[in-house]
Amino acid sequence: TEACLNAIDGAGALNAFVHHTPEIAREQAMAADERIAKGDAPAMCGIPLGIKDLFCTKGVPSQAASKILDGFKPEYESTVTQNLFDAGSVMLGKLNMDEFAMGSSNETSVYGNAVNPWRRGNDDAALTPGGSSGGSASAVAADLCLAATGTDTGGSIRQPAAFTGITGIKPTYGRCSRWGIVAFASSLDQAGPMTKSVRDAAIMLEAMCGHDPKDSTSADLPVPDFEALLTGDIKGKKIGIPKEYRMDGMPDEIEKLWTDGAEMLRDAGAEIVDISLPHTKYALPAYYVIAPAEASSNLARYDGVRYGHRARLAQGDGITEMYEKTRAEGFGHEVQRRVMVGTYVLSAGFYDAYYNRARKVRTLIKRDFEEVFAQGIDAILTPATPSAAFGLGEMSEADPVAMYLNDVFTVTVNLAGLPGVAVPAGLDKQGLPLGLQLIGRPWEEGDLLNLAYALE
Ligand code: GLN
């Protein structure tokens with residue numbers, strides 16, 4: 001814990017930690033020492049973690065990197081962080097992210113962007129750690145903590161993990177409780193671990209997840225010992241390679257990474273099978289209708305009354321002006337864009353044309369996966385991202401759709417509610433990390449992590 005606190009002090013330039021909690025960390029570390037001395041210590045006991053700012057942590061600023069939650073200190077602890085603390089983990093502080101987890105570069109944060117500890121060859125230009133869990137990725141990659149929590153609505157654990165050369169798993173929807181995690185798109189959001197290795201991910205996931213009566217979508221299923229399932233034996237596993245993920249203009253390096261990954265799995269005894277997921281091309285448009293629709297509803301609660309920021313009012317302003325001014329000042333541009341898109345697609349005149357259609361497309365995407373799993377496929381291998389980490393400003397200054405294209409390989413998994421893991425798979429020509437993604441059957445995170453373990 002002390003080593004991490006020192007490392008954090010020396011790494012301000014990464015802008016990974018946005019709230020520091022050294023007192024809490026030392027207190028928890030001391031309590032962990034006592035548990036260890038008594039011989040009552042689970043694997044996560046004493047492990048120093050960073051916590052994404054999207055998690056409500058009792059008495060500690062929890063702002064979802066938004067101005068509208070300025071000064072908000074929850075009265076309660078999220079279930080996932082409580083589970084980690086019950087297992088003896090230590091909180092070093094809260095981590096930077098895109099505002100309300102909306103983004104792929106950590107550039108929409110009220111705290112400014114986090115920075116990727118990796119550089120392109122000899123070029124000094126700062127790169128994005130990805131998003132929205134950019135601070136988590138940067139902190140783990142730079143050894144500021146041993147692991148971090150992330151959340152993933154459309155790729156926000158897997159894309160930053162790929163951009164920083166770490167491991168990240170988005171579990172099956174319902175595996176981790178969403179209680180106390182600031183909601184973005186409730187039918188897509190899941191928490192998960194971001195770690196240095198697959199083994200760490202298995203250990204941390206087990207500590208984070210489990211049934212929670214406070215979240216009606218949390219699954220009442222036993223939690224496997226994920227670590228014990230890491231045998232490295234993948235003989236006879238069937239791995240699907242979906243042809244629809246071979247996008248036009250995909251860089252050779254990504255293509256090669258994918259082929260090499262498939263070969264590694266084949267060498268380890270898996271069978272590689274060509275498969276088709278025909279509705280893949282509709283995933284991104286469906287996601288960018290459903291996610292903003294749910295966000296516009298979830299974000300209605302930020303009204304200047306209940307939480308955080310309230311705008312200064314002029315003489316004669318009423319409650320409508322208070323709402324308008326507070327939301328105009330409190331939400332950044334990307335969040336406002338999502339609220340507008342979401343409100344539009346849910347409006348009476350357009351509901352059927354957009355929201356309802358997107359929901360139907362979502363069902364088709366889910367069925368694509370169900371069909372290949374019914375054919376005996378155990379997991380699906382794809383690239384995690386269409387490129388390596390890009391430069392800060394490089395995408396955010398283009399049109400917003402260019403940024404959305406980053407999520408092309410990851411959003412299908414959230415739409416279908418499946419588990420997906422990103423594992424580091426090599427470096428590009430400029431020395432930047434690239435990741436592969438494995439998509440698994442629902443509730444089979446153990447199997448999925450074991451396949452990832454074989455790729456590691
Ligand atoms: N980049 C996607 C978005 O902006 C996904 C974000 C996430 O998974 N939280 O919506």
Side-chain angles (χ1 to χ4, degrees), residues 52-55 64-66 80 95-109 113-114 128-137 148-163 168-171 173 176 178 181-194 283-299 331-342 345 358 362 384-387 389-390 395-396 398-422 435 437 439:
K52 187 178 181 179
D53 201 34
L54 202 63
F55 291 79
S66 181
V80 161
L95 291 163
N96 209 347
M97 54 178 280
D98 280 295
E99 184 179 7
F100 285 105
M102 296 171 189
S104 303
S105 64
N106 207 134
E107 289 169 292
T108 70
S109 167
N113 59 270
T128 176
S132 66
S133 314
S136 307
T149 62
T151 64
D152 190 313
T153 302
S156 282
I157 286 177
R158 292 161 287 154
Q159 183 254 22
F163 278 10
I169 178 167
K170 181 205 90 75
Y173 182 79
C176 286
R178 290 181 296 107
I181 300 174
V182 175
F184 164 10
S186 309
S187 77
L188 302 161
D189 299 344
Q190 263 296 292
M194 298 176 72
L284 213 44
Y287 172 85
Y288 276 101
V289 170
I290 291 169
E294 294 187 21
S296 71
S297 168
N298 275 325
L299 269 52
F331 289 143
H333 288 154
E334 184 57 29
V335 174
Q336 292 189 10
R337 179 179 295 121
R338 306 276 179 123
V339 171
M340 286 200 286
V341 170
V345 300
R362 180 178 190 176
T385 56
S387 72
F390 46 88
M395 290 265 189
S396 48
D399 81 296
V401 176
M403 187 70 87
Y404 298 168
L405 292 175
N406 261 289
D407 307 324
V408 64
F409 299 135
T410 48
V411 293
T412 50
V413 171
N414 303 73
L415 289 168
L418 301 171
V421 60
Q437 170 178 242
I439 304 169

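For this chain, numbers begin at 1 and follow the sequence in order. Counting convention: from 1, in listed order, for ligands and their atoms alike. Quick note: numbers below take in every heavy atom, side chains included, and nothing from hydrogens, waters or symmetry partners.
- At least one heavy atom of Y287 lies less than 4.0 angstrom from ligand 1.
- Contact of the T108 side chain with the V335 side chain is not registered, since no non-hydrogen atoms from C-beta on lie closer than 4.5 Å.
- Of all atoms in ligand 1, numbered sequentially from 1 with element shown, those under 4.0 Å from a heavy atom of G154 are 5 (C), 7 (C), 8 (O).
- Any N or O atom pair closer than 3.5 Å counts here, and G155 shares at least one such pair with ligand 1.
- Between A137 and A161, the shortest heavy-atom contact is CB-N, 4.5 Å.
- Taking every heavy atom of M102 and a limit of under 4.0 angstrom, the matching atoms of ligand 1 come to 4 (O).
- Proximity of R338 to ligand 1, defined as any heavy-atom pair under 4.0 Å, is confined to the side chain (atoms from C-beta onward).
- Using bins of under 30°, 30° to 60° and over 60° for the plane-to-plane angle, the ring pair F331/F100 lands in the perpendicular bin.
- Looking at heavy atoms from C-beta onward, Y288 lies in side-chain contact with R338 at the 4.5 angstrom threshold.
- Scanning the protein heavy atoms around atom 3 (C) of ligand 1, the nearest turns out to be Y288 OH, 3.2 Å.
- When heavy-atom distances to ligand 1 are checked against a 4.0 Å cut-off, D407 comes that close only through its side chain, counted from C-beta outward.
- Ligand 1 places these atoms under 4.0 Å from at least one heavy atom of D152: 8 (O).
- The shortest distance between side-chain heavy atoms of N113 and S105 does not fall below 4.5 Å.
- In the vicinity of A101, heavy-atom distances shorter than 4.0 Å reach the ligand 1 atoms 6 (C), 7 (C), 9 (N).
- The N/O atoms of T153, backbone and side chain alike, include one that comes under 3.5 Å of an N/O atom in ligand 1.
- Set against the non-hydrogen atoms of F184, the atoms of ligand 1 under 4.0 Å away are 9 (N), 10 (O).
- At the shortest separation from atom 6 (C) of ligand 1 among protein heavy atoms lies S156 OG, 2.8 Å.
- Less than 4.0 angstrom separates some heavy atom of S132 from each of these atoms of ligand 1: 9 (N).
- With contacts defined as side-chain heavy-atom distances shorter than 4.5 Å, the pair N406/M395 qualifies.
- Between S186 and N298 the shortest side-chain heavy-atom distance falls below 4.5 Å.
- Between T410 atom OG1 and K170 atom NZ the span is 10.5 Å, to the nearest 0.5 Å.
- To the nearest 0.5 Å, atoms CZ (R158) and OG (S133) are separated by 10.5 Å.
- Residue G103 has at least one nitrogen or oxygen atom sitting less than 3.5 Å from a nitrogen or oxygen atom of ligand 1, judged on distance alone.
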